[in-house]
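Working notes for the structure below.
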Amino acid sequence: MTRFKFIFEHFKKYRYIFISSVLASIIYAILGLLTSLIFSFVIDNLIQGLPVTNPFLSFFSELLGGIDYLSHNIWVVAIVLIIMYAIHALMMFYRYNGQAIFSEGLSLNIRNDLYDHLQKLPYAYHVRAKTGDLVQRCTSDVDTIRRFFAGQCLEIVVIIVSAISALYILFSININMALIASISLPIIFIYSYIFFCKVRKQFTLSDEAEGVMTTKIQESLSGVRVIKAFHRERYELDKFLTLSKNYQDVTYKMLSYLGWFWASSYLICLLGILSVIVFGVFSVQNNSLTIGNFTVFVTYQTTILYQLRQLGRILSDFGRLTVSLDRLIEIKNEKIEDLEDGLYPSLDGSIDFDHVSFHYDDDPDTEILKDINLHINKGDTVAIIGPTGSGKSSLIQLLDRLYEPTDGSISINGVDISSIAKKHLRKNIGIVLQEPFLFSKTIYENLRVSNANIDFRRIKEATSIACVHDVINEFEKGYDTIVGEKGITLSGGQKQRIAIARTLVNDCEILVFDDSLSAVDAQTDVNIRKALKTLEGDVTMLIITQRVLTAKDADYIVVMENGTITQVGKHEDLIKTDGFYSRINEIQNSIKEETINVN
């Protein structure tokens with residue numbers, strides 16, 4: 001996607017306001033020049049009585065009654081000037097009002113579109129992306145675009161119209177003086193362009209440094225509990241100070257470029273104005289230039305030079321604009337996840353993993369899953385147990401199509417899930433994660449987050465199965481209790497049970513518990529699993545766990561080690577077979593006995 005296409009896509013709703021604002025800017029620029037020209041007319045033609053040579057001024061004087069009439073009624077010219085100033089002010093208002101409307105509308109559309117796009121990007125993108133950098137792009141970079149269109153965009157129109165119109169008028173007055181006045185114009189423009197090219201890289205470095213710093217802030221705030229627990233405040237502060245200092249250094253270098261530009265360009269402007277004044281004085285003395293036209297030259301020269309000088313600032317802001325656009329386009333160029341296309345079959349059948357292997361795209365040499373073959377019957381409860389890093393969660397991520405297998409296939413009810421619409425698949429596979437995320441809303445709103453139309457009776461049933469209904473009622477406001485950010489006001493077990501209830505309200509055909517009972521006590525674990533067996537219909541359940549107590553009552557147990565399935569069977573059979581399951585069973589039983597003896 002090109003920068004122009006990106007802007008136009010978000011801009012087209014406001015294009016008529018933009019066009020009218022451009023027209024207002026053109027009128028504003030021309031009126032600003034004509035007022036100076038009329039002042040010269042008063043000085044030269046009405047006061048000194050010199051003949052009118054300028055076609056516009058000749059038309060102007062005839063329109064108002066002629067030179068003789070205006071010489072005795074200068075108040076008429078004063079009224080015309082007042083009217084022109086009023087129109088000038090009106091055009092200024094319309095210009096800035098239009099700028100405000102389309103710049104704010106543009107930034108609103110970009111923010112909304114980016115947020116929508118980020119929501120639709122694949123899980124793999126968000127795993128590798130830096131959250132702080134994404135936040136910075138969606139806030140600071142969008143604001144950079146807003147500020148350019150709110151302040152600098154139409155300023156370019158004013159500068160171009162003013163420069164062209166002024167040069168035309170100056171050359172029509174005195175060619176030699178106009179040539180002298182023109183000498184400094186390309187110098188300041190070329191100087192501004194060189195500065196733009198020089199500073200653009202520094203703007204990029206500044207934005208990137210800000211993104212890294214923002215990421216660190218986000219990471220520290222998210223992990224504040226760990227930082228406090230391990231007394232790492234000083235360490236985290238030192239890391240932040242380093243990143244903050246780097247951002248300061250990079251930005252200071254950028255600002256030093258700006259300072260050098262303003263100082264040096266100011267000197268160029270002053271020299272250009274001085275040259276016009278010097279040659280203008282000699283021309284007046286030689287009677288080749290009138291006093292009124294001399295004031296026009298000085299006024300126009302000052303106006304044009306300072307506007308072209310402003311062009312350097314605008315070009316530098318344009319440099320920041322292009323950097324910000326590129327960073328946003330980079331997000332937009334990421335291919336969104338197709339959630340709609342595919343089959344919508346019944347998913348209440350068996351699950352088959354057929355020679356499934358998987359590795360991450362950025363690490364093809366490390367196999368996470370290796371030739372997995374597994375058949376799960378409809379309505380079965382299957383426990384998956386294994387050491388950390390054995391591939392248990394990766395198996396579930398493939399089932400939910402957060403990732404795609406690198407080899408083999410997965411099917412449900414005989415249908416390859418790669419042909420099933422992801423929206424349909426995820427709607428029918430309910431997953432409760434080990435670290436549940438709760439929104440900063442009421443408990444009731446969190447339970448309805450996936451289905452706003454669910455009734456309270458179904459919510460109560462789900463919370464009862466999750467053994468959390470009574471706990472919620474103990475809160476002062478019950479289901480209307482506000483959950484703090486990320487569920488901070490609840491215990492780990494309470495958060496997990498609410499997350500379980502949130503999944504259960506959807507009546508999914510397949511339920512997956514990804515070590516989601518780890519934060520509840522053993523008795524609550526047993527109670528939840530007993531309650532789950534009361535669910536209507538043949539619900540297939542996959543329970544990833546580290547507890548033998550949680551796995552033992554499953555229809556059968558799958559043991560995974562190093563990305564492969566090493567054992568499959570019932571609890572009674574596996575404890576009699578030498579392997580990981582029997583060893584973990586002995587360890588956990590011995591810990592349980594030691595705990596009982598200590599108590």
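In this chain, residues are counted from 1 in sequence order. Only a predicted model underlies this, so the values are computations on that prediction, with no experimental measurement involved.
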Between [Y] and [X], is the closest basic N to carboxylate O distance under 4.0 Å?
{"X": "Arg327", "Y": "Glu210", "answer": "no"}
{"X": "Arg457", "Y": "Glu461", "answer": "yes"}
{"X": "Glu9", "Y": "Lys12", "answer": "no"}
{"X": "Lys216", "Y": "Glu236", "answer": "yes"}

Under 3.5 Å: donor-acceptor pair, side chain of [X], backbone of [Y]:
{"X": "Asp480", "Y": "Ile482", "answer": "no"}
{"X": "Ser220", "Y": "Ile217", "answer": "no"}
{"X": "Asn446", "Y": "Phe439", "answer": "yes"}
{"X": "Thr463", "Y": "Lys460", "answer": "yes"}
{"X": "His424", "Y": "Pro345", "answer": "yes"}
{"X": "Asp416", "Y": "Ser418", "answer": "yes"}
{"X": "Arg401", "Y": "Ile420", "answer": "yes"}
{"X": "Thr577", "Y": "Asp573", "answer": "yes"}

Once you round to the nearest 0.5 Å, how far does [atom1] of [X] lie from [atom2] of [Y]?
{"X": "Leu511", "Y": "Leu504", "atom1": "CG", "atom2": "CG", "result": "6.0 Å"}
{"X": "Ile544", "Y": "Phe513", "atom1": "CD1", "atom2": "CZ", "result": "11.5 Å"}
{"X": "Thr2", "Y": "Leu325", "atom1": "OG1", "atom2": "CG", "result": "10.0 Å"}
{"X": "Tyr344", "Y": "Leu425", "atom1": "OH", "atom2": "CG", "result": "11.0 Å"}
{"X": "Leu374", "Y": "Ile565", "atom1": "CG", "atom2": "CD1", "result": "4.5 Å"}
{"X": "Ser324", "Y": "Ile145", "atom1": "OG", "atom2": "CD1", "result": "6.0 Å"}

Minimum heavy-atom separation for [X] to [Y], with atom names?
{"X": "Glu509", "Y": "Leu347", "value": "CB-O, 3.4 Å"}
{"X": "Asp371", "Y": "Ser357", "value": "N-OG, 2.9 Å"}
{"X": "Asp113", "Y": "His10", "value": "OD2-NE2, 2.8 Å"}
{"X": "Thr381", "Y": "Ala554", "value": "O-CB, 3.4 Å"}
{"X": "Asp380", "Y": "Asp555", "value": "CA-OD2, 3.3 Å"}
{"X": "Thr139", "Y": "Val135", "value": "OG1-O, 2.6 Å"}

With under 30° as parallel and over 60° as perpendicular, where do the rings of Phe149 and Phe11 fit, or are they tilted in between?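 Taking Phe11 first and then Phe149, their aromatic rings sit tilted (interplane angle of 30° to 60°).
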
Return the orientation label for the Tyr403 and Tyr360 ring planes: parallel under 30°, perpendicular over 60°, tilted otherwise.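 Aromatic pair Tyr403/Tyr360 classed perpendicular.
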
Determine the sole option in Gln567, Lys552, His571 for which the side chain to side chain donor-acceptor pair (under 3.5 Å) test with Tyr581 is passed.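 The residue from Gln567, Lys552, His571 that satisfies side chain to side chain donor-acceptor pair (under 3.5 Å) with Tyr581 turns out to be His571.
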
Please lay out, stage by stage, how Asp326 and Arg3 fare under the test side-chain contact (heavy atoms from CB on, under 4.5 Å). CA-CA 7 Å; Asp326 290 342; Arg3 296 167 187 161; 2.9 Å; yes

Between [X] and [Y], is any pair of side-chain heavy atoms under 4.5 Å apart?
{"X": "Pro405", "Y": "Ile372", "result": "no"}
{"X": "Asn333", "Y": "Glu330", "result": "no"}
{"X": "Met560", "Y": "Leu395", "result": "yes"}
{"X": "Arg111", "Y": "Leu114", "result": "no"}
{"X": "Leu447", "Y": "Ile498", "result": "yes"}
{"X": "His117", "Y": "Ile336", "result": "yes"}
{"X": "Gln546", "Y": "Lys392", "result": "yes"}
{"X": "Ile412", "Y": "Asn428", "result": "no"}

For [X], does the [atom1] atom sit with more than 12 other heavy atoms under 6.0 Å from it, leaving out its own atoms?
{"X": "Asn562", "atom1": "CG", "value": "no"}
{"X": "Tyr235", "atom1": "OH", "value": "no"}
{"X": "Tyr115", "atom1": "OH", "value": "no"}
{"X": "Asp238", "atom1": "CG", "value": "yes"}

Give a yes-or-no answer on whether the side chains of Thr251 and Ser206 include a donor-acceptor pair shorter than 3.5 Å.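 The criterion, which ignores hydrogens and geometry beyond distance, is satisfied for Ser206 and Thr251.
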
Do His469 and Tyr479 get their side chains close enough for a donor-acceptor pair, meaning under 3.5 Å?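 Indeed, the side chains of His469 and Tyr479 share at least one donor-acceptor pair under 3.5 Å.
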
Chi angles and distances behind the side-chain contact (heavy atoms from CB on, under 4.5 Å) call for Val468, Ile500: CA-CA 9 Å; Val468 74; Ile500 291 170; over 6 Å; no

Apply side-chain contact (heavy atoms from CB on, under 4.5 Å) to residues Ile443 and Phe475 and explain how you reach the verdict. CA-CA 11 Å; Ile443 293 175; Phe475 296 140; 3.8 Å; yes

Show the numbers, then the answer: is there a salt bridge (Lys or Arg N to Asp or Glu O under 4.0 Å) between Asp455 and Arg458? CA-CA 6 Å; Asp455 58 41; Arg458 183 69 191 96; over 6 Å; no

Carefully, step by step, assess Gln397 and Tyr123 under the rule side-chain contact (heavy atoms from CB on, under 4.5 Å). CA-CA 10 Å; Gln397 290 173 346; Tyr123 174 73; 3.8 Å; yes

